[in-house]
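What follows is one structure encoded as structure tokens, with my remarks underneath.
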Amino acid sequence: MNIKKYSMLVLALLGFFQTNALASTKGFEATFTDIEVVIDGHGQEAVWQQANWYPLDQLILGQPVSNDDFTGRFQLAWDNNYLYLRAEISDDILIDRYADPLLRYWDDDCLEIFIDEDGSGGEHQNNFNAFAYHVALDNQVADIGPLKINKQTNEQETNFILLNDHVSSVWQRSTTAPHLITWELAIKIYSDKFKIGENKDASRVSLKEHKKLGFMLAYCDNDGSEERESFIGSTFIKGINGDKNLGYKTADVFESLILKAK
């Protein structure tokens with residue numbers, strides 16, 4: 001390759017990385033547990049004394065938050081049946097305005113769990129190449145499914161769906177720190193073959209040590225506005241043209257999650 005062609009290739013690669021979304025590459029690890037975690041919001045299992053803590057400290061969207069407004073951190077564990085998540089969230093105001101779990105759920109306070117079973121990345125906004133589970137304060141779990149046809153207009157439109165059977169969730173408020181809640185979740189892992197209405201276990205994946213998934217966690221924070229004021233995540237996202245709110249669209253911004261050896 002001559003110098004001119006080499007220079008053009010380098011410039012092209014630089015342009016690609018400057019215009020495409022990039023996540024940091026620190027990655028996450030989940031600690032194995034041979035005792036099933038009881039999802040009760042107390043976090044008393046032995047595995048939580050061993051698992052790494054990871055911060056929720058990356059502003060994805062909206063206004064920066066002070067420590068008085070929001071702080072968050074989380075841990076990950078696993079067994080053959082579930083990925084477990086324990087999150088400690090300190091939030092001075094909890095908002096769950098919309099009774100309909102499919103109405104503007106992203107504007108209420110909620111956890112958003114991003115899972116890419118095979119770590120392949122790629123677009124997933126209207127398919128199940130990856131999942132973006134929005135877990136509300138009432139523990140209902142919403143995501144976006146394949147586009148649906150509006151019977152009146154015959155046009156395609158966004159298809160908001162509930163996937164409550166994918167995630168078991170309980171949170172408890174601290175008795176000593178009034179703004180602190182402990183949130184525990186057991187997450188079933190599904191492949192990109194998942195279809196709405198199928199047998200529940202048809203595309204469910206059994207977990208094994210050293211398995212690599214794509215993963216990201218985030219929190220929607222609303223202190224009383226019509227829309228969430230802030231969206232804070234676990235992962236640095238460079239963004240595209242200033243837009244960092246990309247997790248619900250593409251798994252390319254997720255980080256790797258390794259299931260540690262038993």
Side-chain angles (χ1 to χ4, degrees), residues 16 19-23 58 60-62 83 85 98-136 138-167 169 185 187-205 212-220 222 227-228 231-235 237-257:
F16 173 84
T19 57
N20 284 267
L22 296 177
Q58 298 295 317
I60 298 173
L61 185 70
L83 176 67
L85 169 65
Y98 301 102
D100 183 345
L102 297 180
L103 177 63
R104 292 179 60 177
Y105 49 77
W106 55 86
D107 283 326
D108 283 330
D109 285 286
C110 68
L111 275 180
E112 189 168 357
I113 306 165
F114 301 88
I115 300 282
D116 178 11
E117 179 271 328
D118 60 3
S120 61
E123 188 273 332
H124 71 92
Q125 183 173 357
N126 299 115
N127 59 64
F128 298 118
N129 179 50
F131 295 85
Y133 297 120
H134 296 73
V135 186
D138 64 357
N139 298 309
Q140 299 211 58
V141 182
D143 197 359
I144 299 175
L147 293 169
K148 64 181 180 180
I149 301 297
N150 186 309
K151 294 181 180 179
Q152 294 181 336
T153 65
N154 203 37
E155 295 180 349
Q156 290 185 326
E157 61 182 29
T158 302
N159 184 18
F160 300 111
I161 60 173
L162 288 179
L163 296 173
N164 290 340
D165 57 337
H166 285 213
V167 181
S169 165
L185 308 98
I187 306 158
K188 299 176 182 177
I189 302 300
Y190 290 86
S191 76
D192 56 10
K193 302 298 190 296
F194 174 77
K195 295 180 181 178
I196 299 172
E198 71 173 4
N199 178 294
K200 291 184 179 180
D201 292 326
S203 58
R204 188 176 173 188
V205 175
K212 180 179 178 180
L213 303 88
F215 179 85
M216 187 167 72
L217 185 68
Y219 185 82
C220 298
N222 188 321
E227 300 178 347
R228 60 186 171 186
F231 187 38
I232 308 104
S234 62
T235 299
I237 299 174
K238 182 178 180 181
I240 298 176
N241 297 324
D243 179 15
K244 296 194 289 185
N245 186 22
L246 301 171
Y248 76 101
K249 300 176 184 178
T250 173
D252 289 343
V253 299
F254 300 179
E255 295 189 67
S256 65
L257 166 58

Which distance, rounded to the nearest 0.5 Å, do you find between the [atom1] of [X] and the [atom2] of [Y]?
X: Tyr105; Y: Cys220; atom1: OH; atom2: SG; answer: 9.5 Å
X: Asp143; Y: His134; atom1: CG; atom2: NE2; answer: 7.0 Å
X: Thr158; Y: Leu147; atom1: OG1; atom2: CG; answer: 6.5 Å
X: Asn199; Y: Arg204; atom1: CG; atom2: CZ; answer: 11.5 Å
X: Met216; Y: Ile113; atom1: CE; atom2: CD1; answer: 12.0 Å
X: Tyr190; Y: Leu163; atom1: OH; atom2: CG; answer: 8.5 Å

Is it true that a side-chain atom of [X] and a backbone atom of [Y] form a donor plus acceptor pair closer than 3.5 Å?
X: Asp116; Y: Ala130; result: no
X: Asn245; Y: Ile60; result: no
X: Lys188; Y: Asp165; result: yes
X: Glu123; Y: Gln125; result: yes

Checklist outcome for this item: From the list Glu117, Glu198, Lys195, Lys193, side chain to side chain donor-acceptor pair (under 3.5 Å) partner of Ser203 resolves to Glu198
Does a side-chain heavy-atom distance below 4.5 Å link [X] with [Y]?
X: Leu217; Y: Phe114; answer: no
X: Ile115; Y: Phe215; answer: yes
X: Pro101; Y: Leu162; answer: yes
X: Ser191; Y: Phe128; answer: no

If you take all heavy atoms of [X] and [Y], which pair is closest and at what distance?
X: Gly239; Y: Leu246; result: CA-CD1, 4.1 Å
X: Asn222; Y: Arg228; result: ND2-N, 3.6 Å
X: Glu112; Y: Ala132; result: OE2-CB, 3.6 Å

Next on the checklist: As a quick check of understanding, evaluate side-chain contact (heavy atoms from CB on, under 4.5 Å) for Ile240 and Lys249, giving each step before the final call.
Outcome noted: CA-CA 12 Å; Ile240 298 176; Lys249 300 176 184 178; over 6 Å; no
Checklist entry - Who are the ring pair (Phe, Tyr, Trp, His ring centres under 6.0 Å) partners of Tyr133, not counting sequence neighbours? => result Phe131, His166
Checklist outcome for this item: Applying ring pair (Phe, Tyr, Trp, His ring centres under 6.0 Å) to Tyr219 and not counting sequence neighbours gives Phe70
Item to check | Asn126 vs Asn159, side-chain contact (heavy atoms from CB on, under 4.5 Å): CA-CA, chis, key distance, verdict | outcome: CA-CA 8 Å; Asn126 299 115; Asn159 184 18; over 6 Å; no
Checklist entry - Val135 and side chain to side chain contact (heavy atoms under 4.5 Å, CB included): which partner among Asn164, Leu85, Leu185? => result Leu185
Checklist entry - Does any pair with a residue in residues 144-155 pass side chain to side chain donor-acceptor pair (under 3.5 Å), and if so which ones, sequence neighbours excluded? => result Asn150-Glu157
Checklist entry - Do the ring centers of Phe254 and His124 come within less than 6.0 Å of each other? => result yes
Next on the checklist: side-chain contact (heavy atoms from CB on, under 4.5 Å), that's the test. Do Lys244 and Val253 meet it? Break it down for me.
Outcome noted: CA-CA 9 Å; Lys244 296 194 289 185; Val253 299; over 6 Å; no
Next on the checklist: Test side-chain contact (heavy atoms from CB on, under 4.5 Å) on Gln58 and Ile237; report intermediate values, then the result.
Outcome noted: CA-CA 8 Å; Gln58 298 295 317; Ile237 299 174; over 6 Å; no
